[in-house]
Asker: 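If you scroll down you'll find the structure; I have some questions about it.
For the single chain, residues carry numbers from 1 onward in sequence order.
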Amino acid sequence: MPAKKPTKESRQLSDLTSVGPATLEDLSRLGIRSVSQLKGKSASGLYQRLCRMDGVRHDPCCEDTFAAAIAQADDPKLPAVKKRWWYWSRVRKAKAASR
């Protein structure tokens with residue numbers, strides 16, 4: 001039996017649902033240029049870094065978009081609903097309400 005070839009991540013950041021040009025630019029500025037670099041990251045951490053870099057509080061939906069992208073990077077077989085930024089917006093708001 002031949003040895004399996006190592007697989008390389010074939011998905012691009014632009015292939016991820018909810019990731020458009022603005023998010024691609026934000027991720028690039030944060031040093032993330034591939035799906036593999038996004039795996040395991042913290043959406044809140046990326047959002048806070050971006051806000052500090054720019055000296056402004058960005059729309060919190062930016063954090064939700066990061067969460068959607070990270071979830072897809074972590075699990076390529078993620079259900080469609082969890083690929084949408086607005087799913088993660090509800091998750092974020094529910095966590096905030098429970099505090």
Asker: Stepwise, does the side chain to side chain contact (heavy atoms under 4.5 Å, CB included) test hold for Leu24 with Ser14?
Answerer: CA-CA 7 Å; Leu24 287 171; Ser14 59; 3.9 Å; yes
Asker: Check whether Trp88 reaches the backbone of Lys82 with its side chain - one donor and one acceptor, N or O, closer than 3.5 Å.
Answerer: yes
Asker: Output the distance between atom CZ (Arg84) and atom OG1 (Thr65), rounded to the nearest 0.5 Å.
Answerer: 11.5 Å
Asker: Side chains of Ile32 and Asp26: closer than 4.5 Å at any heavy-atom pair?
Answerer: no
Asker: For the pair Asp74 (side chain) and Lys39 (backbone), establish whether a donor and an acceptor sit closer than 3.5 Å, ignoring hydrogens and angles.
Answerer: no
Asker: Do you reckon Met53 sits in the same ILVMFWY cluster as Leu46, going by side-chain contacts under 4.5 Å, direct or chained?
Answerer: yes
Asker: Taking Ser89 for the side chain and Trp85 for the main chain, is one N or O donor matched with an acceptor at less than 3.5 Å?
Answerer: no
Asker: Less than 4.5 Å apart, any side-chain heavy atom of Leu30 and any of Phe66?
Answerer: yes
Asker: Looking just at side-chain N and O atoms, do Ser34 and Ser36 make a donor-acceptor pair shorter than 3.5 Å?
Answerer: yes
Asker: Does any non-hydrogen side-chain atom of Leu50 lie less than 4.5 Å from one of Cys62?
Answerer: yes
Asker: Contact between His58 and Val56 at the side-chain level, heavy atoms closer than 4.5 Å - yes or no?
Answerer: yes
Asker: Flag the pair Leu16 / Leu38 as yes when at least one side-chain heavy-atom distance between them is below 4.5 Å, and no otherwise.
Answerer: yes
Asker: So does Arg33 get a backbone contact from the side chain of Gln37, meaning a donor-acceptor N/O pair under 3.5 Å?
Answerer: yes
Asker: Tell me the closest heavy-atom pair linking Ala71 and Leu78, and the distance in Å.
Answerer: CB-CD2, 3.6 Å
Asker: Taking Thr17 for the side chain and Lys83 for the main chain, is one N or O donor matched with an acceptor at less than 3.5 Å?
Answerer: no
Asker: Decide yes or no for Pro76 and Gln72: does some side-chain heavy atom of the first lie under 4.5 Å from some side-chain heavy atom of the second?
Answerer: no
Asker: What residue pairs, at least two apart or across chains, pass salt bridge (Lys or Arg N to Asp or Glu O under 4.0 Å) with a residue in residues 48-64?
Answerer: Arg29-Asp54, Asp64-Arg92
Asker: Is the closest side-chain heavy-atom distance between Tyr47 and Pro60 below 4.5 Å?
Answerer: yes
